[in-house]
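What follows is a set of notes on a single structure, which appears directly below.
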Amino acid sequence: MKAMDIIFPLLNWTQQYLSTQVAQSIRETVPDPRVLSDWQVSQIAQAVAYTVEEAARRERPRQRRREWMLTIVGLIAGALLSIPIGIWINSIT
């Protein structure tokens, strides 16, 4: 099984969930179907969900770089901190 076979249904589910939540929020805000029909509400919700998903997709590489940088900085800080502690423990014993 390829990674894309897992990722694309997940993205589709996420967009559907966002669309449903936005549609419910719009319908709660504008309950009168004469103002906005169900079709209009679903179209607005799909557009908002698509926009949110695209914004998140552009942010993912930046987030991964940030995670890698924090991991590397943490490893370096741990190594630099363990050297003085080791020297201190050696001097005690």
Side-chain angles (χ1 to χ4, degrees):
M1 180 176 273
K2 295 179 182 177
M4 291 300 169
D5 294 340
I6 296 170
I7 292 173
F8 284 129
L10 184 62
L11 291 176
N12 191 21
W13 179 82
T14 304
Q15 190 172 9
Q16 287 176 350
Y17 178 76
L18 281 172
S19 179
T20 303
Q21 293 300 317
V22 170
Q24 287 175 355
S25 177
I26 292 171
R27 191 43 75 194
E28 288 172 1
T29 305
V30 184
D32 189 5
R34 292 175 293 171
V35 175
L36 283 176
S37 69
D38 289 336
W39 180 82
Q40 290 171 323
V41 168
S42 69
Q43 293 298 312
I44 292 169
Q46 285 178 357
V48 169
Y50 180 75
T51 305
V52 167
E53 188 63 33
E54 281 301 312
R57 187 173 292 135
R58 280 185 249 126
E59 184 65 26
R60 284 183 194 126
R62 188 174 306 142
Q63 183 179 1
R64 286 192 185 113
R65 282 193 301 271
R66 195 175 313 129
E67 290 170 356
W68 275 108
M69 286 301 295
L70 286 174
T71 301
I72 291 169
V73 167
L75 288 172
I76 291 171
L80 291 175
L81 188 62
S82 68
I83 292 170
I85 291 173
I87 291 171
W88 178 67
I89 289 175
N90 260 351
S91 68
I92 291 175
T93 56

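This chain uses plain numbering: 1 for the first residue, then up along the sequence.
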Checking Y17 now: which residues fulfil ring pair (Phe, Tyr, Trp, His ring centres under 6.0 Å) with it, not counting sequence neighbours? W13
Which residues share a side-chain contact (heavy atoms from CB on, under 4.5 Å) with R64, sequence neighbours left out: R60
Can you sort out the partners of E59 under side-chain contact (heavy atoms from CB on, under 4.5 Å), two or more places apart, ordered by chain and number? R62, R66
In short, ring-ring contact (aromatic ring centres under 6.0 Å, His included) pairs touching residues 23-57 with sequence neighbours left out are none
Listing request: all salt bridge (charged side-chain N to carboxylate O under 4.0 Å, His left out) pairs with a residue in residues 78-93, at least two apart in sequence or in separate chains. none
Please report, to 0.1 Å, the donor-acceptor pairs under 3.5 Å made by any side chain of residues 82-91, with sequence neighbours excluded.
{"unit_1": "S82", "atom_1": "OG", "unit_2": "G78", "atom_2": "O", "d": "3.4"}
{"unit_1": "S82", "atom_1": "OG", "unit_2": "A79", "atom_2": "O", "d": "2.9"}
{"unit_1": "S91", "atom_1": "OG", "unit_2": "W88", "atom_2": "O", "d": "2.7"}

Do any pairs count as a side-chain hydrogen bond (donor to acceptor under 3.5 Å, both in side chains) and have a residue in residues 21-35, sequence neighbours left out, and if so which ones? R27-D38, D32-R34
Checking one residue: V73. Which other hydrophobic residues are in its cluster under the side-chain 4.5 Å linking rule? none
So which residues get pulled into I26's cluster when ILVMFWY side chains under 4.5 Å apart are joined, directly or through others? L18, V22, V30, V35, L36, V41, I44, V48, V52
Between S19 and A45 the two heavy atoms that sit nearest each other are O-CB, 3.2 Å
